Amino acid sequence: MSNLHPALAVRGDLLQTPSPTTLDVQQQVVVSVAGDGRILDVDPVESDAGRSAVETADEVVHLDRSQRLLPGLIDTHIHAPQWPQLGTGLDIGLEQWLFEYTFPLEARYADPSFAQSVWQEMVPTLLAHGTTTAVYFATVHEQATLLLAETCLTHGQRAYVGRVAMDHPEGTPVWYRDADADAGLRASERSIEQIRSLQDPLGLVQPIITPRFVPACSDALLTGLGALAERTGALVQTHCSESDWEHGHVLERHGCTDTESLRRFGLLRRGTVLAHGNHLGDDDLRLIGGAGAGVAHCPLSNSYFAGAVFPARRARALGVHVGIGSDVSGGAHPGLLPQCAMAVTVSRMLEDGVDAATDAWRRGVADSRIDTVAAFHLATKGGADLLDAPLGLIEPGRSFDAIVVDLDRPLSALRAWDGIDNEARIFEKIVRLASPADISRVFVAGRCVSR
Ligand code: GUN
Ligand code: FE
């Protein structure tokens, strides 16, 4: 046990996924956490170190045998301003959806009081779903963006908050865009400075440079944002090869794939989060892996907009970091556990194929399936690796971002049956069945932020 005095000790049973093929089960352990939220140690309850942690911690949380402690979920791609349309509008293709539904809604965030009314409702709701870290697209508005960062701090959610940059006269409507590349660059730079100036002793909130996607951005804006990333060291996020339309647009405009184009603009960097990536080829995946960037896999949204299934397993095999994203509101569910279940489901569809009129032996793509362990790994350690952040596992040196799931709550489908279920089955049930009502506590940086 570390000789640092723990501010918090959590005692109970732990489930986590250090690799896509490993379920780590640790029963009756004590997690001791320093005042800054860092995990000091994980020790057996019945060890000297474990006993000492429980005796000396400022606060002790005892979980019972029907509770499980798991790492918090990392949503690597979420559009905060689309919260009010979550659950609607998925009957049309991506481009039309943007212009008819999404840009008009996002334009409303010019009004800071509207923005605040959404953020203050959304952030605690996401925490209740177990999202301890969110990588947000905000809007083009600096003030709404800053208010989102402040709201995350108020509620204790870890977040990367990006002012959306978009200036292309054809790819955006005149009433929702940066006036020109220069205005967009200055606004993005100011937004980074504003977010970095917030009082944030635990380091929860960071800015992230956010060109919406190539179709919405002029070459001048993309060039400037690449230079801004180099100058400020801020991470980058954008959409990449999401749909046939988007992938085709970049091929036609720049004569290369989306990935290669982003690389030329200096936007393919360590920690760059590329949302969706359904149409990435192997060369693209190798480029992304080599750059230390990665993909936010958004399986539910992709089922509506992508025209393809993201090959998560293939991407990992080619060295790409992969996290899970809700893509609210393209993905019509706020929780990452349902997104994990969906990642498993779509991987089976990719492997087996979907059209019975095609012979079974050539209907699908071999070796594509992932299971709940792999999907949960993507939603925790995978996201942490993508962001290059010490999160995603409950082990010394990482931040104590965690959720407590209760089994056997009255009227919940999440039940553990004596003589039938073991820890592996309980884990599988948690991923597929746990709802916010089954998540009794959420910790970020050692603080209980939802219960
Ligand atoms: N591509 C550009 N903007 C968006 C967006 O808001 N959602 C999705 N899914 N794709 C996009
Ligand atoms: Fe998106």
Side-chain angles (χ1 to χ4, degrees), residues 75-109 118 134-141 144-145 148 160-168 170-173 176-178 184 208 210-218 221-222 225 236-250 253 258 261-262 267 272-280 294-310 323-334 336 339 342 346 386:
D75 189 340
T76 53
H77 184 61
I78 170 164
H79 295 268
Q82 297 171 22
W83 185 252
Q85 71 181 10
L86 182 63
T88 68
L90 295 169
D91 51 332
I92 50 181
L94 176 60
E95 188 179 15
Q96 198 188 351
W97 174 85
L98 286 169
F99 279 83
E100 274 187 28
Y101 300 139
T102 301
F103 292 155
L105 174 57
E106 292 193 12
R108 293 188 54 171
Y109 291 75
V118 176
V135 185
Y136 286 116
F137 273 58
T139 67
V140 301
H141 313 102
T145 303
L148 175 57
Y160 297 75
V161 179
R163 187 201 81 89
V164 176
M166 47 192 277
D167 70 329
H168 200 289
E170 277 139 46
T172 62
Y176 185 54
R177 71 165 68 125
D178 292 316
I208 183 165
T210 307
R212 187 171 201 120
F213 63 161
V214 171
C217 298
S218 67
L221 181 59
L222 294 166
L225 292 173
V236 174
Q237 63 177 347
T238 190
H239 296 87
C240 181
S241 292
E242 176 176 4
S243 66
D244 289 286
W245 162 67
E246 196 253 67
H247 186 69
H249 169 100
V250 186
R253 179 167 137 201
D258 215 342
S261 168
L262 293 168
L267 292 163
T272 291
V273 180
L274 303 173
H276 306 283
N278 303 293
H279 295 265
L280 297 170
V295 173
H297 175 28
C298 308
L300 185 51
S301 168
N302 292 343
S303 303
Y304 289 94
F305 288 152
V309 172
F310 176 68
I324 297 281
S326 65
D327 193 38
V328 162
S329 65
H333 201 294
L336 271 227
Q339 301 287 348
M342 192 67 189
V346 298
L386 169 47

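Every number for a ligand or one of its atoms is a count from 1 in the order of the listing. None of the values given here were measured: they were computed from a predicted structure. We count residues from 1, following the sequence as given.
Evaluation of the salt bridge (charged side-chain N to carboxylate O under 4.0 Å, His left out) rule for Arg177 yields no partner, not counting sequence neighbours. In this structure, the side chain to side chain contact (heavy atoms under 4.5 Å, CB included) partners of Tyr304, at least two apart in sequence or on a different chain, are Leu90, Leu300.
At least one side-chain heavy atom of Thr102 sits less than 4.5 Å from a side-chain heavy atom of Glu106.
Side-chain rings of His279 and Phe310 stay apart, their centers remaining 6.0 Å or farther from each other. Aromatic ring centres of His239 and His77: separated by under 6.0 Å. You'll find the ring centres of His276 and Phe305 outside the 6.0 Å limit.
Near ligand 1, residues His79, Gln82, Leu94, Trp97, Leu98, Arg212, Phe213, His239, Glu242, His276, Phe305, Asp327 each place a heavy atom inside the 4.0 Å sphere around the ligand atoms.
Under the 30°/60° scheme for interplanar angles, the aromatic rings of His168 and His249 are found to stand perpendicular.
With salt bridges taken as basic N to acidic carboxylate O contacts below 4.0 Å, one links Arg163 and Asp178.
By the criterion of a separation under 2.8 Å, the protein N/O/S atoms near the Fe ion (ligand 2) amount to His77 NE2, His79 NE2, His239 NE2, Asp327 OD1.
With Tyr136 as reference, Leu148 is the one residue of Thr210, Leu148, Thr145 to meet the side-chain contact (heavy atoms from CB on, under 4.5 Å) rule.
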